[in-house]
Protein chains: 2
Amino acid sequence: MNTVKEQLHKSGYKLTPQREVTLSVLLENKSKHLSAEDIFQRVKEQYPEIGLATVYRTLELLYDLKIIDKANFGDGVSRYDFKQSGAKHYNHHLICVNCGKVIEVEDDLLYDVEKIVEHDYKFKVLNHRLTFHGVCRECQLKDESNE
Amino acid sequence: MNTVKEQLHKSGYKLTPQREVTLSVLLENKSKHLSAEDIFQRVKEQYPEIGLATVYRTLELLYDLKIIDKANFGDGVSRYDFKQSGAKHYNHHLICVNCGKVIEVEDDLLYDVEKIVEHDYKFKVLNHRLTFHGVCRECQLKDESNE
DNA sequence: TTAATTGCAAATGTTTTGCATTGGA
DNA sequence: TCCAATGCAAAACATTTGCAATTAA
């Protein structure tokens, strides 16, 4: 949190209460993939006067500073969460098509695949996004007991 | 094309000229990742009376019938293209951060990774999406010559 | 003090929907 | 014939922007 404040300061941005509250909501919800609207609702509990536009502007700022990630699971809404410290790449996601749950995979499973892409396609990889769609463990168990 | 018409028929949908033209545009632009607006513009050349809503409805229909893929490269616009016949999974995409080009990777590079996910997370994988962000070969060469 | 930041409302851009009309089966 | 499909305009969304008022540094 303090590192982030320093980073804002160093980049010449002001530390407003709106930004502080938005940051704390993001910190309390690491890896929860909240939408801007979700974040707005939670921020309003602590700071009711805030406007949605300010939340969007803060999220954009944090994204530009590479403090948060922005993901997009195909439902037309961007979702945000704190970057794992030191992560050079996005996490992988497992999305359950049954219950909608999003599971975070922190390992980098793509090292070998990146090597293939760089070699076969002469494509210099900077980052990647990997999402699996399928059925989570709990839903598999539920389905079995229903049959 | 005829297979698709049959499929529409079997599912009880009518074969309208609007749908035929939209299909032919999609067929002529396999793997080009056109947006609904792109498709609308091209369809209008052959069928000027068509409305944008009809294009959206046709795309949704073809997507539900699993005839086309719908992808989303983070610019807020859905992009559509024909599924490779027999493909059980989405292709991988390489997106050049410099020129915006999208390169299609038809190989399935994720077999081993899926095995790991299924084992370690007990997650039954049905499909996957893999996107690499980086610099394409041409842009790498261009950058070198600029330095 | 003063330029950055905010809140609001209006604008934007994509996609969806209501409804009267049309047309494929 | 008759219900599915269409075109249009309006609505519904997420997100961005203009601008006057406010505020952190």
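So you know, we letter chains A, B, ... as the sequences are listed, proteins then strands, and number each from 1. Fair warning: this is a prediction, and the values are worked out from it, not measured in the lab.
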Would you tell me if any nitrogen or oxygen in the side chain of [X] comes within less than 4.0 Å of OP1 or OP2 on [N]?
X       : N      : result
A:Thr16 : C:dA4  : no
A:Thr54 : C:dT6  : no
B:Tyr56 : C:dT16 : no

Of all pairs that satisfy salt bridge (charged side-chain N to carboxylate O under 4.0 Å, His left out), the ones with a partner from residues 59-72 of chain B, not counting sequence neighbours: B:Asp69-B:Lys83
Residue closer to the 5' end of DNA chain C, B:Pro17 versus B:Val77 (nearest nucleotide): B:Val77
Hey, does [X] reach any base, or is it just sugar-phosphate, or nothing, if we go heavy atoms under 4.0 Å?
X       : result
A:Ser78 : sugar-phosphate
A:Glu49 : sugar-phosphate
B:Gln18 : sugar-phosphate
B:Ile50 : sugar-phosphate
A:Arg57 : base

Chain A footprint on DNA chain D, 5' to 3' - any atom under 4.0 Å from a heavy atom: D:dA14 to D:dA25
For the student: nearest non-hydrogen atoms of B:Arg79 and B:Asp38, plus distance: NH1-OD2, 4.0 Å
B:His33 and B:Asp81: side chain donor to acceptor below 3.5 Å: yes
Distance, rounded to the nearest Å, where B:Glu60 contributes CD and C:dT16 contributes P: 6 Å
Whole-Å gap separating C1' (C:dG13) and CZ (B:Phe40): 15 Å
Mutual orientation of the aromatic rings belonging to B:His128 and A:Phe132 [parallel < 30°, tilted 30-60°, perpendicular > 60°]: perpendicular
